[in-house]
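Input: a single structure, listed below in structure tokens.
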Amino acid sequence: MGIKELKDILLTENHTIVIYKSDASLIVSDERGVTPLMKILSDDKTQLKDAIVADKVIGKAAALLMIYGSVKEVYTPTISAPAIEVFLNHNITLHYDKVVDRIINRKGDGLCPMESLCINVDNPEEAFRLMNN
């Protein structure tokens with residue numbers, strides 16, 4: 001299964017994240033934000049090693065979590081400019097449709113809380129630790 005198939009599943013089935021793991025298993029979630037990534041990484045960081053991920057919205061926090069888990073390829077309809085920089089700095093194959101300056105919170109009146117938390121963080125392990133508190 002490749003990035004195109006994951007993109008199709010994400011968009012046609014309206015999930016928030018679809019992950020194809022290196023053992024050929026599929027993880028699908030409808031939970032919002034970084035919750036699915038945090039659950040996976042807290043359970044077993046190696047689950048994301050060499051995974052292909054399609055995520056509805058990716059900000060810097062989600063990007064750092066994906067790097068922390070060692071994903072190899074990512075697709076998203078919407079990504080923040082800082083997230084692009086994270087992926088480029090770690091040589092991750094990236095596909096996206098639209099770039100925004102920052103990820104906005106659900107109320108629409110400020111930054112996403114996780115984006116705010118990681119705004120000055122570049123170390124994936126440190127980001128995971130901060131989000132895990």
Side-chain angles (χ1 to χ4, degrees):
M1 186 175 290
I3 199 74
K4 183 187 179 327
E5 290 85 2
L6 289 189
K7 176 182 176 178
D8 290 345
I9 293 169
L10 180 79
L11 300 177
T12 60
E13 297 180 18
N14 203 29
H15 297 296
T16 56
I17 191 166
V18 180
I19 302 167
Y20 183 69
K21 294 174 26 176
S22 60
D23 67 0
S25 64
L26 197 64
I27 298 173
V28 177
S29 180
D30 298 325
E31 292 181 283
R32 296 166 74 158
V34 298
T35 301
L37 289 170
M38 288 300 297
K39 285 181 178 178
I40 292 166
L41 291 168
S42 294
D43 182 43
D44 178 5
K45 176 184 166 189
T46 64
Q47 286 191 76
L48 291 182
K49 183 165 177 44
D50 295 326
I52 303 171
V53 178
D55 193 336
K56 202 163 224 165
V57 176
I58 299 178
K60 185 176 182 183
L64 286 166
L65 290 176
M66 290 180 202
I67 299 304
Y68 179 68
S70 301
V71 304
K72 74 173 184 180
E73 189 171 4
V74 176
Y75 162 76
T76 185
T78 305
I79 191 167
S80 71
I84 291 174
E85 190 176 323
V86 168
F87 288 125
L88 291 176
N89 288 341
H90 290 88
N91 300 311
I92 302 300
T93 303
L94 177 63
H95 313 268
Y96 57 89
D97 299 328
K98 180 174 90 171
V99 180
V100 295
D101 289 334
R102 298 275 184 204
I103 302 302
I104 303 302
N105 66 23
R106 291 184 189 126
K107 284 184 177 178
D109 62 0
L111 277 183
C112 159
M114 294 298 120
E115 192 90 338
S116 293
L117 187 66
C118 294
I119 203 161
N120 294 315
V121 177
D122 292 316
N123 180 298
E125 191 170 340
E126 181 184 348
F128 175 75
R129 198 172 18 80
L130 283 171
M131 287 183 263
N132 210 21
N133 285 335

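Along the sequence shown, the residues carry numbers beginning at 1.
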List the steps, then state whether side chain to side chain contact (heavy atoms under 4.5 Å, CB included) holds for Val53 with Leu6.
CA-CA 7 Å; Val53 178; Leu6 289 189; 5.9 Å; no

Heavy-atom count check: over 12 atoms from other residues, nucleotides or ligands less than 6.0 Å from Asn132 CG?
yes

Test Lys4 against Asp8 for salt bridge (Lys or Arg N to Asp or Glu O under 4.0 Å), laying out the working first.
CA-CA 6 Å; Lys4 183 187 179 327; Asp8 290 345; 3.2 Å; yes

Just by distance, do the side chain of Thr16 and the backbone of Arg32 share a donor-acceptor pair under 3.5 Å?
no

Taking Lys60 for the side chain and Val121 for the main chain, is one N or O donor matched with an acceptor at less than 3.5 Å?
yes

Taking CD in Glu126 as the centre, count heavy atoms belonging to other residues, nucleotides or ligands within less than 6.0 Å. Is the count above 12?
yes

Identify the residue among Leu88, Val86, Leu94 that makes a side-chain contact (heavy atoms from CB on, under 4.5 Å) with His90.
Val86

Is there a side-chain contact between Ile52 and Lys72 in this structure, where contact means two heavy atoms from C-beta onward sitting under 4.5 Å apart?
yes

Heavy-atom closest pair (Cys118 atom, Leu64 atom, distance to 0.1 Å) is CB-CD1, 4.1 Å

Distance in Å, Met114 CE paired with Ile103 CD1, rounded so as to fall on 0.5 Å steps
13.5 Å

Compare all side-chain heavy atoms of Lys39 with those of Glu31 and state whether any distance is below 4.5 angstrom.
yes

Cluster link Val74 to Ile27, ILVMFWY, side chain under 4.5 Å:
yes

Tyr75 OH to Asp97 CG distance, which is reported to the nearest 0.5 Å:
3.5 Å

SG of Cys112 to CZ of Arg102, rounded to nearest 0.5 Å, is 11.0 Å

Looking only at non-hydrogen atoms, find the nearest pair between Ser42 and Phe128 and report the distance.
OG-CZ, 3.8 Å

Under the 3.5 angstrom rule, does the side chain of Ser29 hit a backbone N or O of Ile17 as a donor-acceptor pair?
no

Less than 4.5 Å apart, side chain to side chain, heavy atoms only: is that true for Ile9 and Met1?
yes

Identify the heavy atoms of Arg106 and Gly33 that sit nearest to each other, and give their distance.
NH2-N, 3.6 Å

Side chains of Ile119 and Leu111: closer than 4.5 Å at any heavy-atom pair?
yes

Donor-acceptor check, side chain of Asn89 to backbone of Glu85, threshold 3.5 angstrom: yes or no?
yes

Considering only heavy atoms from C-beta outward, does the side chain of Leu10 approach that of Pro77 to under 4.5 Å?
yes

Interatomic distance, CD1@Ile40 vs CG@Leu65, rounded to 0.5 Å, equals 10.5 Å

What heavy-atom pair brings Gly59 and Ser80 nearest, and what distance separates the two atoms?
CA-OG, 3.5 Å

If two hydrophobic side chains count as joined below 4.5 Å and joins carry through other members, does Ile3 share a cluster with Val99?
no

Is any side-chain heavy atom of Ile58 closer than 4.5 Å to a side-chain heavy atom of Tyr96?
no

Arg129 side, atom CZ; Asn123 side, atom CG - distance, nearest 0.5 Å
7.5 Å

Any sub-3.5 Å donor-acceptor pair from Ser25's side-chain atoms to Lys21's backbone N or O?
no

Criterion side chain to side chain contact (heavy atoms under 4.5 Å, CB included) on Met66 and Asp55, from CA distance to verdict
CA-CA 11 Å; Met66 290 180 202; Asp55 193 336; 3.4 Å; yes

Same cluster or not: are Phe87 and Tyr68 linked, directly or through other Ile, Leu, Val, Met, Phe, Trp or Tyr residues, by side-chain heavy atoms under 4.5 angstrom apart?
yes

Step through the shown structure and confirm whether more than 12 heavy atoms of other residues, nucleotides or ligands are within 6.0 Å of NZ on Lys56.
yes

Look at the side chain of Gln47 and the backbone N and O of Leu41, then say whether any donor-acceptor pair between them is shorter than 3.5 Å.
no

So how far is it from Asp122 CG to Ile67 CD1, rounded to the nearest 0.5 Å?
11.5 Å

Hydrophobic cluster identity match, Val71 and Val18, side-chain contacts under 4.5 Å
no

Which pair of non-hydrogen atoms, one from Ile104 and one from Gly108, has the smallest distance, and what is that distance?
CG2-CA, 3.5 Å

Answer yes if Ile84 and Val57 sit in the same cluster of Ile, Leu, Val, Met, Phe, Trp and Tyr residues linked by side chain heavy atoms under 4.5 Å apart, and no otherwise.
no

